[in-house]
Amino acid sequence: MKGARKGARRARRTLHVVVTAGPTLEYIDPVRYLANASSGRMGFAIAAAAVRAGHRVTLVTGPVCLATPKGVERIDVVSARDMLAALRRVFPGADALYMAAAVSDWRPRRRLAGKWRRKDGGDETATLELVRNPDVLATVARRKGGRLVVGFALETGDGIRRAKAKLQRKNADFVVLNDATALNATSGTVTILGSDGRIDRLESLEKPAIARILVGLLGRT
Ligand code: CTP
């Protein structure tokens, strides 16, 4: 019985899994930026779990203070547009994408070459003009073919309804719904919504345990 289980494990196909993690930074000047809060822990945990499951993993990450899991190929990026460029290179040759990065929706219209000085603003208020960043996930998932695409959603209000809308809008197979308590935390409660209508809630689990379950989605498509 044990031998048969081992055989079944060996027979499982090695896939190329792309994972994104961390924030993107959108620089205003050489020292200031806009970003979303993100430790990168969820994406790094998925990358580690996917390697342990025997897959080839490329991790595209914004700036974070985490060590690269053993066996993972890491591509460092800074902005949302850098992340999109990296995914345009690696996604076509991949079998799956886990988009755990906290991509900044906006970037400053201009990046100043020198520091933004007090004298450049008004006395008490200043205005920063922002332009919308590309939706990285929606852009690459548009032509996903048979690839598995897993998006993430961090919601503060009616989470399930919003996450369902994101599933469709971003052409994802699954969306993993978090609330703000997940930020910088080592554990959390997440809800996995499938494009087939299935909804699974994972109550108070450590991120590595959540990551193992998410990597298990590779077998469900
Ligand atoms: N995402 C992306 N590119 C963006 C914004 C988000 O690829 N410019 C991805 C995230 O990595 C995540 C998913 O889309 O996998 C949902 O991100 P979220 O910030 O919840 O959604 P938004 O599209 O930004 O919608 P909103 O902020 O209005 O909730």
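Each ligand, and each atom within it, is numbered from 1 in the order the structure gives. When reading the values below, keep in mind they use all heavy atoms of this one structure, side chains included, and skip hydrogens, waters and symmetry mates.
For atom 29 (O) of ligand 1, the nearest non-hydrogen atom of the protein is Lys166 NZ, 2.8 Å. Regarding atom 9 (C) of ligand 1, its nearest protein heavy-atom neighbour is Lys170 NZ, 3.8 Å. Among protein heavy atoms, atom 10 (C) of ligand 1 sits closest to Ala101 O, 3.6 Å. Shortest contact from atom 15 (O) of ligand 1 to any protein heavy atom: Met99 O, 2.8 Å. For atom 3 (N) of ligand 1, the nearest non-hydrogen atom of the protein is Val136 N, 3.0 Å. Among all non-hydrogen protein atoms, the one lying nearest atom 7 (O) of ligand 1 is Leu137 N, 2.7 Å. Here the protein heavy atom with the shortest distance to atom 16 (C) of ligand 1 is Phe152 O, 2.8 Å.
Counting heavy atoms from C-beta outward, Leu205 and Ile213 have side chains that approach closer than 4.5 Å. Using a 4.5 Å heavy-atom cutoff, the side chains of Leu154 and Leu177 are not in contact. Taking the side chain as every heavy atom from C-beta outward, Leu193 and Phe174 never approach each other to under 4.5 Å. A 4.5 Å side-chain heavy-atom check between Arg161 and Glu155 finds every atom pair outside the cut-off. Between Arg107 and Tyr27 there is no side-chain heavy-atom pair separated by less than 4.5 Å. Within the 4.5 Å cutoff, the side chain of Ile199 has heavy atoms near those of the Thr191 side chain. Counting heavy atoms from C-beta on, the side chains of Arg88 and Thr139 come closer than 4.5 Å.
Distance check: Arg89 CZ to Leu84 CG gives 10.5 Å after rounding to the nearest 0.5 Å.
Side-chain atoms of Glu26 and Thr24 form a donor-acceptor pair, as typed in the model, at a separation below 3.5 Å.
Not a single heavy atom of Ala80 sits under 4.0 Å from any atom of ligand 1. At a 4.0 Å cut-off, at least one heavy atom of Arg169 sits close enough to ligand 1 to count as contact. Contact analysis puts Pro134 in contact with ligand 1, with a non-hydrogen atom separation below 4.0 angstrom.
At a 4.0 Å heavy-atom cut-off, ligand 1 does not touch Ala100 at all. At a heavy-atom distance under 4.0 Å, no atom of Val175 approaches ligand 1.
At a distance under 4.0 Å, a protein heavy atom can be found next to atom 18 (P) of ligand 1.
Residues that satisfy the side chain to side chain donor-acceptor pair (under 3.5 Å) test with Arg143, not counting sequence neighbours, are absent from this structure.
Looking at Asp105 next to ligand 1, an N or O pair under 3.5 Å apart turns up. For Val103, no nitrogen or oxygen atom sits less than 3.5 Å from a nitrogen or oxygen atom of ligand 1, counting backbone and side chain alike. Below 3.5 Å of separation, one finds no N or O of Glu155 facing any N or O of ligand 1.
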Would Arg74 and Thr58 count as a side chain to side chain contact (heavy atoms under 4.5 Å, CB included) here? Give the steps. CA-CA 6 Å; Arg74 172 169 173 166; Thr58 303; over 6 Å; no
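Across all non-hydrogen atoms, the minimal contact from Leu25 to Pro63 is CD1-CG, 3.7 Å.
Atoms of ligand 1 found under 4.0 Å from any heavy atom of Ala153, numbered from 1 in the order shown, are 20 (O). For ligand 1 and Gly151, the ligand atoms under 4.0 Å from any heavy atom of the residue are 15 (O). Below 4.0 Å from some heavy atom of Leu154 lie the following atoms of ligand 1, by number and element: 20 (O).
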